[in-house]
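Index from 1, following the sequence. Order of appearance sets the numbers: ligands from 1, and atoms from 1 within every ligand.
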Amino acid sequence: MRVGCGGEVSGEVLAEQLIRLRNSIDLLEVEFSRMAGDFAQTDEYDRVGYDSPISWIKDVCHMAGGAAADRVCVGRQLDQLDDSLVALASGEVGFAHLALIAHTSAAVGERLDERNLLKQATNLSVAEFRTKCMHAKHKADPDGFVDEEKQGVEARSLTLTNTDEGVVLVNGLLDKVGGAALRTALEPLAKRAGKDDDRLRDRRLADALVDLAMHALDTGLVPQRTHMQVTTSLETLLGLSGAPAAEMEFSLPISAKAVERLACDCSVTRILLDSDSMVIDVGRAKRRPSGPTYKALKVRDKGCVWPGCDRPATWTSAHHVVHWIRGGPTDLPNLCLLCYRHHWMVHEGGWQIVRTDDGRTLTIPPQPFGRLPRGPD
Ligand SMILES: [Zn+2]
Ligand SMILES: [Zn+2]
């Protein structure tokens with residue numbers, strides 16, 4: 001790599017320079033923080049129309065809110081943190097460590113055990129040290145710690161916004177425990193389903209959230225409300241060309257493929273066929289395997305039958321290989337268990353699922369438009 005007047009600089013020298021430069025920046029950050037702390041004592045931010053000194057710094061100094069808050073906090077606590085400043089000047093800890101010590105100091109006041117905290121900071125990464133600071137806060141001020149958690153719960157929020165295209169934007173904030181509960185529930189569901197599963201992690205997490213909702217509805221975990229209800233015409237359900245889209249509560253109109261999947265077993269409680277102004281209510285009885293059939297299906301398939309998928313039976317739907325709307329019977333040979341994702345792949349995704357005579361399941365990927373599946377050579 002070339003720098004300055006063009007001389008080669010070795011990695012070792014660069015490393016040394018980086019460390020020194022970072023230390024200089026950290027010292028400048030301390031200076032910035034001292035000034036930010038002093039600024040927060042004035043009412044200049046108020047005079048120019050901001051609601052807090054942090055909002056002013058964030059906006060005018062082009063910083064993220066958390067970074068601005070860190071600096072104000074460090075500035076306010078500096079007088080209590082002599083040892084930490086010495087450690088920062090000598091490069092033993094960085095500014096991010098100092099900010100965590102300052103926040104802990106702000107929370108626990110005189111009960112701060114700075115020496116002990118500093119000893120840990122010198123050996124830990126910033127992320128690891130954050131956990132230690134939480135423990136220190138709890139040790140010094142358990143009530144304050146509970147208050148902070150309460151504030152976290154009070155701050156919970158979730159907004160679900162329907163866009164004009166019918167896509168739902170999800171935006172939310174959870175406290176520590178609530179967030180951990182959600183992650184504990186989602187993480188196992190968001191694992192790759194087999195070696196061919198190439199979905200990215202955020203897609204898998206989103207799929208997991210939908211699975212969780214479907215599972216809660218399918219197993220009756222949601223009190224009061226029964227289930228999704230779809231209104232469709234017979235032509236739509238049969239996938240005839242020129243048929244209108246189907247309608248579902250809380251959603252813009254949905255495709256024939258989606259309604260075919262939802263109607264395949266019990267994902268919707270009622271399907272109202274609205275053809276020629278005639279409404280026929282198709283209840284679960286027609287679509288859902290009877291108790292003994294369903295038991296036998298669970299014993300036979302155990303879980304999702306897609307090769308490589310390990311989703312257990314409780315997280316699956318009973319798929320009709322020949323759809324009931326086309327005369328497929330709701331009995332064992334015409335049924336198989338598919339998890340929500342693989343059920344989607346069969347209906348909307350255009351995959352075919354074939355059961356061989358010896359009980360194995362084969363999957364055939366969707367064929368490009370106009371090309372027929374290849375037969376055996
Ligand atoms: Zn199905
Ligand atoms: Zn599956």
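- Under the 4.5 Å side-chain contact rule for hydrophobic residues, Phe95 and Leu117 share a cluster.
- Linking Ile, Leu, Val, Met, Phe, Trp and Tyr whenever their side-chain heavy atoms come within less than 4.5 Å puts Val210 and Val259 in one cluster.
- Within the protein, the N, O or S atoms sitting under 2.8 Å from the Zn ion (ligand 2) are Cys304 SG, Cys309 SG, Cys339 SG, His342 ND1.
- Salt bridge absent: Arg71 and Glu31 never bring a charged side-chain N and a carboxylate O closer than 4.0 Å.
- Evaluation of the side-chain contact (heavy atoms from CB on, under 4.5 Å) rule for Pro244 yields Ser233, Thr236 as partners, not counting sequence neighbours.
- When distances from the Zn ion (ligand 1) to the N, O or S atoms of His319 are compared, ND1 comes out shortest.
- Between His342 and Trp306, the two ring planes are parallel [angle under 30°; tilted spans 30° to 60°].
- When rounded to 10 degrees, the angle formed at the Zn ion (ligand 1) by NE2 (His347) and SG (Cys264) equals 120°.
- Within the 3.5 Å criterion, the main-chain N or O of Leu332 finds a donor-acceptor partner in the side chain of Arg300.
- Linking Ile, Leu, Val, Met, Phe, Trp and Tyr whenever their side-chain heavy atoms come within less than 4.5 Å puts Ile254 and Leu238 in one cluster.
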